[in-house]
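Heads up: the structure comes next, in structure tokens.
Being a predicted model, the structure only gives us computed values, none of them experimental.
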Amino acid sequence: RRASLPPALQRVLDGAAGVTAADYRWVGRLRRLGIPLLVLLNKCDLFEADLSARQKEVERRLAATILPTSARAGINVPDELIAKMVNICPKLTVPLGRELPDFRRKAARRLTHKTAVLNGIIALQPIPLLDLPVQIMLLTGLLYRLAALYQHPPAHTRRREAVLAIAATLATRYAAQQLIKLI
């Protein structure tokens, strides 16, 4: 079953052929619809000598930022392309992490960082224990997303581990708060 993703599109231009009328129509149509767009200029390994000039020309003609890539040589694919895809559509983090083992660690860090920031923002509210249910929900969601990322489906036996991990995290947080108040 595929997850529903927000509308985003990746357009791959054939660098050897240049920008066609169909490319103009697609980019214009997507801009009018307000869909986030990532435009790739593929086959950049074929024209490395004038890559900068060709990229500037295509960017000027389409009025869009272009990412030069080479699917065959792997230029800009593992580092820049995947990062830009996840920035445009964050829901791709887990599916891409599942399919690309080299990206898993970055995806796990990204998910953990995002959850930590949200928990930090929620912890700023002044009413005691009001943030507890939201933090438990966020941490549980993080554990399930990390399990999905590493292809370990949540099992009944793992629930106890999840509860203990969340309880330990929250206990540490509240102990640190009490220590800070004491000081």
Side-chain angles (χ1 to χ4, degrees), residues 1-120 138-155 158 162:
R1 190 174 86 164
R2 293 184 181 235
S4 62
L5 300 174
L9 191 70
Q10 176 176 314
R11 180 75 178 162
V12 180
L13 303 178
D14 184 354
V19 182
T20 65
D23 296 329
Y24 286 117
R25 284 192 302 271
W26 265 103
V27 170
R29 183 179 302 151
L30 294 171
R31 277 216 179 98
R32 284 190 300 276
L33 294 173
I35 294 175
L37 183 64
L38 175 59
V39 182
L40 306 179
L41 183 62
N42 196 23
K43 300 181 182 177
C44 71
D45 56 330
L46 299 179
F47 47 88
E48 286 184 35
D50 64 339
L51 174 62
S52 176
R54 187 175 293 223
Q55 179 181 354
K56 287 178 184 175
E57 174 64 19
V58 172
E59 286 178 346
R60 185 186 63 76
R61 291 177 74 188
L62 291 178
T65 304
I66 306 297
L67 177 63
T69 60
S70 172
R72 182 176 57 169
I75 298 172
N76 287 340
V77 174
D79 26 320
E80 290 191 42
L81 174 61
I82 294 171
K84 288 186 184 228
M85 287 172 62
V86 170
N87 284 338
I88 289 174
C89 186
K91 288 187 176 186
L92 287 175
T93 304
V94 172
L96 283 173
R98 287 178 115 179
E99 297 298 322
L100 305 170
D102 294 339
F103 179 66
R104 277 189 195 141
R105 185 173 291 248
K106 285 182 184 178
R109 272 195 224 117
R110 181 183 182 95
L111 291 170
T112 305
H113 183 266
K114 182 179 176 182
T115 303
V117 168
L118 286 173
N119 273 335
L138 287 172
L139 290 172
T140 304
L142 173 65
L143 286 174
Y144 283 124
R145 282 192 301 277
L146 289 175
L149 182 67
Y150 286 96
Q151 299 180 355
H152 294 291
R158 301 223 181 231

Practice task
I would like to know whether Leu67 and Leu41 meet side chain to side chain contact (heavy atoms under 4.5 Å, CB included); could you show each step before the answer?
Solution key: CA-CA 6 Å; Leu67 177 63; Leu41 183 62; over 6 Å; no
Handout entry: Closest approach of Gly97 to Leu149 (non-hydrogen atoms, all atoms of both residues)
Key = CA-CD1, 3.4 Å
Exercise for the section: Show your working on side chain to side chain contact (heavy atoms under 4.5 Å, CB included) between Arg145 and Thr115 and close with a plain yes or no. Expected result: CA-CA 11 Å; Arg145 282 192 301 277; Thr115 303; 3.6 Å; yes
Practice task
Without swapping roles, check the side chain of Gln55 against the backbone of Ile66 for a donor-acceptor pair under 3.5 Å.
Solution key: yes
Handout entry: Validation row: Arg105, Arg109 side chains within 4.5 angstrom (heavy atoms)
Key = yes
Exercise for the section: State, yes or no, whether a side-chain contact exists between Leu81 and Leu38 at a heavy-atom distance under 4.5 Å. Expected result: yes
Handout entry: Salt-bridge present (Lys56, Glu59; N to O < 4.0 Å)
Key = no
Handout entry: Distance in Å, Glu80 CD paired with Leu40 CG, rounded so as to fall on 0.5 Å steps
Key = 10.5 Å
Problem - Rounded distance [0.5 Å steps], CG in Leu143 versus CG in Leu138 - result: 11.0 Å
Exercise for the section: Could you pull out all residues at least two apart from Arg98 that satisfy side-chain contact (heavy atoms from CB on, under 4.5 Å)? Expected result: Val94, Gln151
Practice task
Measure across Phe103 and Val86 and return the closest heavy-atom pair with its distance rounded to 0.1 Å.
Solution key: CZ-CG2, 3.6 Å
Practice task
To the nearest 0.5 Å, tell me how far Leu118 CG sits from His113 NE2.
Solution key: 10.0 Å
Practice task
Kindly write out the residues that satisfy side-chain contact (heavy atoms from CB on, under 4.5 Å) with Arg25, not counting sequence neighbours, or none if the list is empty.
Solution key: Ala21, Ala22
Problem - Interatomic spacing from CG in Leu111 to OH in Tyr144 - rounded to 0.5 Å - result: 16.0 Å
Completion exercise
Closest non-hydrogen atoms of Cys44 and Ser70, given as atom of the first, atom of the second and distance, are SG-N, 4.0 Å
Completion exercise
Here the gap from Thr93 atom OG1 to Ile82 atom CD1, rounded to the nearest 0.5 Å, amounts to 11.5 Å
Exercise for the section: Could you tell me the separation between the CG atom of Asn119 and the OG1 atom of Thr112, rounded to the nearest 0.5 Å? Expected result: 11.0 Å
